[in-house]
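For reference, the structure is listed below as structure tokens.
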Amino acid sequence: MGFDLKTALQQRKADNLYRSRITIAGPQQPQVVVDGKPMLAFCSNDYLGLANHPDVIASFQQAANDYGVGGGASHLIIGHSRAHHQLEEELAAFTGRPRALLFSTGYMANMGAISALLGKNDGVFQDRLNHASLLDAGLLSGAKFQRFLHCDLASLEQKLSRSSANRKLVVTDGVFSMDGGIAPLKEYAAVAKKYDAWLMVDDAHGFGAVGSGGRGVTDLFNFGISEVPVLMGTLGKAFGTAGAFIAGSEELIETLIQFARTYVYTTAMPPAVAEATRTSLQILHKDDWRREHLQALINRFRSGCEQLGLKLMPSSTPIQPIVVGDTARALQMSRQLEEQGILVTAIRPPTVPKGSSRLRVTLTAAHTEAHVDQLLLALEKVVREDAVSKKSLREEMV
Ligand SMILES: *Cc1c(COP(=O)(O)O)cnc(C)c1O
């Protein structure tokens with residue numbers, strides 16, 4: 001029999017769930033070249049436009065001269081450089097936590113942290129729309145894995161109140177990656193405290209984009225380590241580089257250094273990435289105009305969509321999905337935009353729940369108002385074509 005891979009691949013195609021990659025030439029920026037064709041993209045997580053910032057590039061180049069390219073070994077052997085160490089200290093100061101620890105990716109940070117903190121007799125409570133890396137981490141940890149309804153305090157409390165787990169960890173995205181909404185952290189922190197649980201927030205999409213000085217969602221709630229003992233951020237989104245970190249108490253970070261397997265058994269990120277990130281952290285923190293410009297674009301996009309009768313999610317962040325529902329229709333709309341030179345990804349199950357396929361529009365500080373208007377114009381055409389085809393369908397039926 002062997003491995004019949006073909007059947008599953010064909011089924012995925014039949015379900016409109018088959019994914020394929022596009023190849024871009026050049027850096028992350030609104031105007032990209034895909035297969036030789038210039039396109040205007042609204043799908044990057046480079047929210048502040050730092051992935052291609054000249055100062056970040058210069059730091060990366062200088063550090064490559066100073067440190068070479070490879071990380072060489074794991075942090076615990078001989079891979080922990082001054083660049084990594086300084087970035088950790090700066091991230092700790094930025095997040096207002098005693099310490100921070102670098103990981104090579106966000107996926108690994110979540111895997112490492114959750115499985116270092118939890119084991120067989122413990123319980124993990126996750127929002128059902130949490131990022132895949134959090135869900136996978138919960139499963140890997142061996143703790144009793146429970147999902148609560150999206151942003152539903154009653155559902156969380158019900159599960160916590162019935163739990164006899166030793167350690168209890170409540171885990172949530174800060175900004176939900178496919179919706180753009182912000183988690184109700186005030187309520188979560190209160191209920192976690194009531195049941196003697198810890199709260200972990202993955203703020204991959206909040207850092208840089210929200211909070212004063214880009215300090216993320218915990219800043220919106222004024223939450224320190226007593227409310228959010230485990231705070232995770234990624235560096236590949238608004239920071240524009242690569243990697244991730246966990247910030248928290250001295251004991252938390254020492255625990256991760258000892259027990260997080262994705263920290264211990266992997267090569268340190270290239271020191272030049274850490275140096276580039278030190279520069280991007282400074283820009284991210286001080287350039288308030290990037291957040292202000294981004295907010296103006298978000299408002300412009302939302303009011304434009306409202307005029308077109310398009311359904312948006314209640315999001316104040318750069319993630320502005322247009323909910324379509326039907327997967328085939330979402331794909332078709334994405335193609336209709338592509339024909340007009342606009343790149344917006346259709347997000348389908350299993351990334352989002354069935355029946356909620358969407359166009360995930362993301363805005364960045366590198367976009368201009370003219371770019372947003374171009375997107376709105378293209379969407380208007382898609383909406384108009386849809387109305388025409390529905391009308392002719394109705395006429396055929398009578
Ligand atoms: C992107 C993302 C991650 C993974 O981070 P990488 O550094 O890309 O591996 C984790 N959590 C959330 C919420 C994310 O959006």
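Numbering of ligands and ligand atoms starts at 1, following listing order.
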What are the distances between nitrogen or oxygen atoms of ligand 1 and protein nitrogen or oxygen atoms, counting only those under 3.5 Å?
| from | atom 1 | to | atom 2 | distance (Å) |
| --- | --- | --- | --- | --- |
| ligand 1 | 7 (O) | Gly106 | N | 2.7 |
| ligand 1 | 9 (O) | Gly106 | N | 3.1 |
| ligand 1 | 9 (O) | Tyr107 | N | 3.0 |
| ligand 1 | 11 (N) | His131 | ND1 | 3.4 |
| ligand 1 | 11 (N) | Asp202 | OD2 | 2.5 |
| ligand 1 | 15 (O) | His205 | NE2 | 2.5 |
| ligand 1 | 15 (O) | Lys237 | NZ | 2.6 |

Q) Is the charged tip of Lys186 near the ring of Phe221: under 6.0 Å from the six-membered ring centre and within 45° of its axis? A) no
Q: Using a strict 4.0 Å threshold on nitrogen-to-oxygen distance, state whether Glu338 and Arg335 make a salt bridge.
A: no
Q.
Does this structure show an ion pair linking Asp287 with Arg290, if we count only N-O contacts that are shorter than 4.0 Å?
A. yes
Q: Run the numbers on Arg329 and Gln332 for side chain to side chain donor-acceptor pair (under 3.5 Å), then give the verdict.
A: CA-CA 5 Å; Arg329 177 67 187 135; Gln332 185 195 28; 2.6 Å; yes
Q: Can you label the angle between the Phe94 ring and the Phe207 ring as parallel, tilted or perpendicular, going by 30° and 60°?
A: tilted
Q) To the nearest 0.5 Å, how far apart are CD1 in Ile283 and CZ in Phe239? A) 11.5 Å
